[in-house]
J.: 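Sharing a structure with you now.
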Amino acid sequence: MRKATGFMEYQREETMERDPLNRLNDWNEYKAPFSDETLKRQGARCMDCGTPFCQMGDVINGATTGCPIYNLIPEWNDLVFQGRWKEALERLLKTNNFPEFTGRVCPAPCEGSCTLAISDPAVTIKSIERTIIDKGFENGWITPRIPRNRTGKTIAIVGSGPAGLASADQLNQAGHHVTIYERQDRAGGLLMYGIPNMKLEKDVVERRIELLEQEGIDFILNTEVGKDISNEQLQTNFNAVILCIGAQRQRNLHLDGREANGVHFAMDYLTASTKNLLYGDVGGVDSINAEGKDVIVIGGGDTGADCIATALRQDCNSVVQFGKHPKLPSARTDSNMWPEYPNIFTVDYAHKEATERFGEDPRQFCIQTKRFVADQYGNLKEVHTVGMENTKDENSMFVFREIPGTEKVWPAQLVFIAIGFEGPDKRLPLQLGLDTVNGNVKAKYGDFKTNIENLFTAGDARRGQSLIVWAINEGREAARKVDEFLMGSSVLPSYL
Ligand SMILES: Cc1cc2nc3c(=O)[nH]c(=O)nc-3n(C[C@H](O)[C@H](O)[C@H](O)COP(=O)(O)OP(=O)(O)OC[C@H]3O[C@@H](n4cnc5c(N)ncnc54)[C@H](O)[C@@H]3O)c2cc1C
Ligand code: SF4
């Protein structure tokens, strides 16, 4: 460690963002990169502590703590401080197949468990990660790594999200021949059709897919396994199959008026808007547009925030976001101590934009939707709600109760339902006769084997809707298990 006092000399600097009002005029990434000099200072803030909690990913109290792919954070922080970017890149790529994705959109649980964060703002780990990989591409240090020897073994991966891509990358590097089947017209899973362009530009996703293709991975798009190609074909033509089909089955709101025109699932909206951006207005059901409309997003999470940012760019008339839970505290509470992920109130990019545009934060807390009301043509015109409170019942258990007299009517022509996901699409697991648990494909973490002999599963399909960094973790670890299954032992790394 070359700079022992950096954490005392330098303050944390936040990643620069483009002006919130200006950026509403386009769909480009809202963040702006740091300069090399700034990043050197930020890297110097790392204390290189004896036990780097930042790189020891785990789940504590249901939340991710530390980096789930065990990125060698203190090592690359120090290399960045020294300006040894290429070596920093080599260290980063040892554990992370796709730092250009996580460096942009990971919620950075590593920073919540940074030791410096006990008393000071954390080291800006995510921005450093992003700059290392961006420099790798800019300087031509990232080139196709074509395996010298092939094993003759074949593997089919169903689904091209981060879990499928990470599995494919690992298994291809181990010399196996990998084919990815994807039902969409482009690869990437939720990286492509889910996370909006202003958070993760689609060129960044395409660049990685092209690299994987050059390295020997086959992508078969517009092909739904179980419909366009049978499971039996996969089972007979490949030595092993990994299901990485995600968990995109959206939770519905079964309320009066749900069928009104203008009430949509959040994912349908986000997918449509990215398709419009990539192909121009494709019309029909694929062209939900918020222009001039009063928009309500139901669900207080990140998917809802992405809907807000999308509606703002389409020049909506107004936007609010309903959340069932109370506003989070501004600092950690005794039940959420370091190194857990800080469960505190934050202002996401979309909230900042909406505040600038309309003069107030769009979030409404402790609110329950009661029904949707349509006009005589079936078009949504109102949303009816009631306020909620979190109180204790007669058994001293916390319960949500409606507060009488807080009923409210909101004018709205568009509603996006973003209240979570219920697991993978049921069709394929049913056809295959797979065991499931809580709606997800059943397989033990660390083993990834389903109840069918040569069939494995990884990512959201196994663990439920989660994070990119967990999808990469599962994809990598499942790849090692498949390699062991095919070869008797594995050359691939594992942290389990
Ligand atoms: C709107 C939204 C925003 C998000 N933002 C973030 C974020 O900022 N940061 C973060 O870390 N995480 C974020 N997440 C979560 C993250 O995107 C997921 O956890 C991650 O993509 C899961 O990866 P996966 O590979 O398991 O599945 P997915 O990315 O869901 O990919 C599954 C793929 O399988 C394909 N597929 C399914 N069935 C079949 C079939 N039968 N045949 C062929 N193909 C099939 C699907 O089309 C899809 O492409 C977000 C999620 C959503 C919904
Ligand atoms: S992948 Fe996420 S958790 Fe890991 S170092 Fe990067 S930002 Fe932190």
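As the structure lists them, so they are numbered: ligands from 1, and atoms in each ligand from 1. The first residue of the sequence shown is numbered 1, and numbering continues consecutively from there. As the structure is a computational prediction, the values presented were derived from the model and not from experiment. Note that these values count all heavy atoms, side chains included, but never hydrogens, waters or copies made by symmetry.
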J.: If we ignore hydrogens and angles and just use 3.5 Å, is the side chain of Ser494 paired with the main-chain N or O of Leu496 as donor and acceptor?
T.: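 Yes, because the side chain of Ser494 sits within donor-acceptor range (under 3.5 Å) of the backbone of Leu496.
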J.: For the pair Arg183 and Asp425, find out whether any cationic side-chain nitrogen is under 4.0 Å from an anionic carboxylate oxygen.
T.: yes
J.: State if Leu270 counts as touching ligand 1 under the rule of any non-hydrogen atom under 4.0 Å.
T.: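 So Leu270 counts as touching ligand 1.
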J.: Touching ligand 1 at all, Phe101? Heavy atoms, strictly under 4.0 Å?
T.: no
J.: What is the nearest protein non-hydrogen atom to atom 51 (C) of ligand 1, stated with its residue, atom name and distance?
T.: Gln465 OE1, 3.5 Å
J.: Mark the output for Met267 as yes if a heavy-atom distance to ligand 1 is under 4.0 Å, and as no if none is.
T.: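 Flag set, Met267 near ligand 1.
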J.: What atoms of ligand 1 come within less than 4.0 Å of a heavy atom belonging to Leu428?
T.: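 Listed by number with element, the hits are 41 (N).
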J.: If the cut-off is 4.0 Å to any non-hydrogen atom of Cys244, which atoms of ligand 1 fall inside it?
T.: 32 (C), 33 (C), 34 (O)
J.: Answer yes or no: is there a donor N or O on one side and an acceptor on the other, between the side chain of Glu111 and the main chain of Ala122, under 3.5 Å?
T.: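 Not at all, since once roles are kept as given, no pair shorter than 3.5 Å links the two residues.
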J.: Can you tell me if Asp425 has a non-hydrogen atom under 4.0 Å from ligand 1?
T.: no
J.: Heavy atom of Gly226 under 4.0 Å from ligand 1?
T.: no
J.: Below the 3.5 angstrom mark, is there an N/O of Thr303, backbone or side chain, next to an N/O of ligand 1?
T.: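 Checking ligand 1 against Thr303, no N or O pair falls under 3.5 Å apart.
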J.: Of the protein's non-hydrogen atoms, which lies at the shortest distance from atom 48 (C) of ligand 1, and what is that distance?
T.: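 Minimum-distance protein heavy atom for atom 48 (C) of ligand 1 reads Glu182 OE1, 3.6 Å.
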J.: Which of the atoms in ligand 2, numbered in the order shown and given with their element, are less than 4.0 Å from a heavy-atom of Thr102?
T.: 1 (S)
J.: Got an N, O or S from Cys67 under 2.8 Å of atom 4 (Fe) of ligand 2?
T.: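 Coordinating: yes.
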J.: Is it true that a side-chain atom of Glu474 and a backbone atom of Gly459 form a donor plus acceptor pair closer than 3.5 Å?
T.: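 Flag set: sc Glu474 to bb Gly459 pair under 3.5 Å.
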J.: So is there a nitrogen or oxygen of Ser466 less than 3.5 Å from a nitrogen or oxygen in ligand 1?
T.: yes
J.: Less than 4.0 angstrom from a charged side-chain N to a carboxylate O is my criterion; do Arg23 and Glu353 meet it?
T.: yes
J.: Between ligand 1 and Pro107, can you find any atom pair, the residue atom being a heavy atom, that is separated by under 4.0 Å?
T.: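 Right, Pro107 reaches ligand 1.
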J.: Does NZ or CZ of Arg462 fall inside the cone over Tyr445's six-membered ring, less than 6.0 Å from its centre and within 45° of the axis?
T.: no
J.: When you measure from atom 7 (S) of ligand 2 to every protein heavy atom, which one gives the shortest distance, and what is it?
T.: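 Closest protein heavy atom to atom 7 (S) of ligand 2: Glu129 OE1, 3.4 Å.
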J.: Under 4.0 Å from a heavy atom of Cys110: give me the atoms of ligand 2 that qualify, with their elements.
T.: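 That gives atoms 3 (S), 5 (S), 7 (S), 8 (Fe) of ligand 2.
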J.: Near Val469, which atoms of ligand 2 are under 4.0 Å from a heavy atom of that residue?
T.: 1 (S)
J.: Short list, please: which atoms of ligand 2 are under 4.0 Å from a heavy atom of Cys106?
T.: 2 (Fe), 3 (S), 7 (S)
J.: Under 3.5 Å between any N/O of Asp306 and any N/O of ligand 1: does that happen in this structure?
T.: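 Among all N and O atoms of Asp306, none is under 3.5 Å from an N or O of ligand 1.
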J.: Could you tell me the residue and atom name of the protein heavy atom closest to atom 34 (O) of ligand 1, and the distance to it rounded to 0.1 Å?
T.: Gly159 CA, 3.2 Å
J.: For Gln184 and Arg186, test the side chains for any donor-to-acceptor distance below 3.5 angstrom and give the result as yes or no.
T.: no
J.: Under the 6.0 Å and 45° cation-pi test, does Arg258 pair with Phe265?
T.: yes
J.: Does Lys481 make a cation-pi contact with Phe448, if we ask for NZ or CZ under 6.0 Å from the ring centre and within 45° of the axis?
T.: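 Relative to the ring axis of Phe448, which defines the angle, Lys481 lies outside at least one limit.
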J.: At what distance is the nearest protein heavy atom to atom 9 (N) of ligand 1, and which residue and atom is it?
T.: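 Of every protein heavy atom, Val105 O, 2.8 Å lies nearest to atom 9 (N) of ligand 1.
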J.: Suppose we measure from atom 19 (O) of ligand 1 to each protein heavy atom; which comes out shortest, and what is that distance?
T.: Asp460 OD2, 2.9 Å
J.: Is it true that Glu206 and Arg208 make a salt bridge, defined as a side-chain N closer than 4.0 Å to a carboxylate O?
T.: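 Looking at Arg208 together with Glu206, the answer is no, because their closest N to O distance does not fall below 4.0 Å.
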J.: Classify the angle between the aromatic ring planes of Tyr349 and Tyr30 as parallel (below 30°), tilted (30 to 60°) or perpendicular (above 60°).
T.: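 The rings of Tyr349 and Tyr30 lie parallel, inter-plane angle below 30°.
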J.: Can you find a side-chain donor-acceptor pair between Thr457 and Thr450 that sits under 3.5 Å?
T.: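 Side chains of Thr457 and Thr450: no pair found under 3.5 Å.
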J.: Take every heavy atom of Thr223, measure it against each atom of ligand 1, and state whether any distance is under 4.0 Å.
T.: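 Under 4.0 Å: yes for Thr223.
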J.: Checking Gln42 side chain against Gln11 main chain: does a donor-acceptor pair fall under 3.5 Å?
T.: yes
J.: For atom 50 (C) of ligand 1, what is the closest protein heavy atom, and at what distance to 0.1 Å?
T.: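 Minimum-distance protein heavy atom for atom 50 (C) of ligand 1 reads Ile195 CG1, 4.2 Å.
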J.: In terms of atom number and element, which parts of ligand 2 are under 4.0 angstrom from non-hydrogen atoms of Pro109?
T.: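 Answer, ordered by atom number: 3 (S).
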J.: More than 12 foreign heavy atoms under 6.0 Å from NZ of Lys324: is that the case here?
T.: no
